[in-house]
Amino acid sequence: IIGAGVIGSSIFRELTKYNLKVVILEKEKDVSMGSSKANSAIVHAGYDAKEGTLMAKYNVRGNEMFEDLCKELSVPFKRNGSLILAFDDEDLNTIKTLYENGTKIGVKDLKILSKEEVLEKEPNLNEDIKGALYAPTGGIVGPFEYTIALVENGVTNGGEVKLNKEVVSIEKNECFKITTADGETIEAKYI
């Protein structure tokens, strides 16, 4: 696996559950040093993915699984919900569309809130608010802690982490030959 951000680390952890030799290569000196460390920490409710797509299916399913996964990894997670705010009629139409789409793809408990309901939930918002889409299944997680926990669990399962290993070339013959900036060559059946 190339890259020890949240996606690479998730794949790493999952593959190490099986009788496989799994190695994750990371160009930085630690895991979660790029985009994963700096992301917004939001666990999206999944209401905006196009109906019928794998993204819609997996956004909703992933959100449903997240709380148990964080408990398993001992990572703090809070299902605090999310609000998509509407300040004009165009915004109201947008949240109505998101509500309808989210409902179709299986996002639970979506609700369109009136101005009064939004301000009751979040009184510090601009008084010009017209309404909001409320997604109670939205949440937040520490992305750095989450990524570290995934990698630690993968290592416990028998996986190997190689830090300071920037991949500079990949050749494919009978197997993949991955060369890192420091000259190491790693052979792999799959990347």
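None of these values were measured; they are calculated from a predicted model. Just so it is clear, the values below take in all heavy atoms, side chains as well, and ignore hydrogens, waters and symmetry mates.
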Within the side chain of Asn63, is there an N or O that forms a donor-acceptor pair under 3.5 Å with the backbone of His44?
-> yes
Worked verdict on Leu15 versus Ile1 for side-chain contact (heavy atoms from CB on, under 4.5 Å) = CA-CA 10 Å; Leu15 290 177; Ile1 300 162; 4.2 Å; yes
Is there a side-chain contact between Val167 and Lys27 (heavy atoms, below 4.5 Å)?
-> no
List the atom of Ala149, the atom of Val75, and the distance in Å for their closest heavy-atom pair.
-> CB-CG2, 3.5 Å
Kindly say whether Gly154 contributes a backbone atom to a donor-acceptor pair with the side chain of Arg13 at under 3.5 angstrom?
-> no
List the steps and the verdict of side-chain contact (heavy atoms from CB on, under 4.5 Å) for Cys70 and Val141.
-> CA-CA 8 Å; Cys70 286; Val141 68; 3.9 Å; yes
Is any side-chain heavy atom of Glu122 less than 4.5 Å from a side-chain heavy atom of Ile129?
-> no
In plain terms, say whether Asp182 and Lys165 are close enough for a salt bridge, that is, a side-chain N and a carboxylate O under 4.0 Å apart.
-> yes
Can you tell if the side chain of Thr180 reaches within under 4.5 Å of the side chain of Lys162, non-hydrogen atoms only?
-> no
Val31 and Leu163, any side-chain heavy atoms less than 4.5 Å apart | yes
From the options Glu116, Lys115, Glu117, select the one residue that forms a side chain to side chain contact (heavy atoms under 4.5 Å, CB included) with Leu119.
-> Lys115
Applying side chain to side chain contact (heavy atoms under 4.5 Å, CB included) to Lys121 and not counting sequence neighbours gives Leu83, Leu113, Tyr134
Would you indicate whether the side-chain heavy atoms of Leu85 and Asn126 approach each other to under 4.5 Å?
-> no
Using the ring pair (Phe, Tyr, Trp, His ring centres under 6.0 Å) rule, collect all pairs that involve residues 71-94, keeping only residues at least two apart or in two chains.
-> Phe66-Phe77
Side-chain contact, heavy-atom cut-off 4.5 Å: Glu26 with Val161?
-> no
Report the C-alpha distance between Phe12 and Leu150 in whole Å, list the side-chain angles of each, state the deciding distance to 0.1 Å, and finish with yes or no for side-chain contact (heavy atoms from CB on, under 4.5 Å).
-> CA-CA 8 Å; Phe12 177 71; Leu150 290 165; over 6 Å; no
Within a strict 4.5 Å, meaning less than it, do heavy atoms of the Ile24 and Ser9 side chains meet?
-> yes
Do side-chain atoms of Asn101 reach the backbone of Ala49 as a donor and acceptor pair under 3.5 angstrom?
-> yes
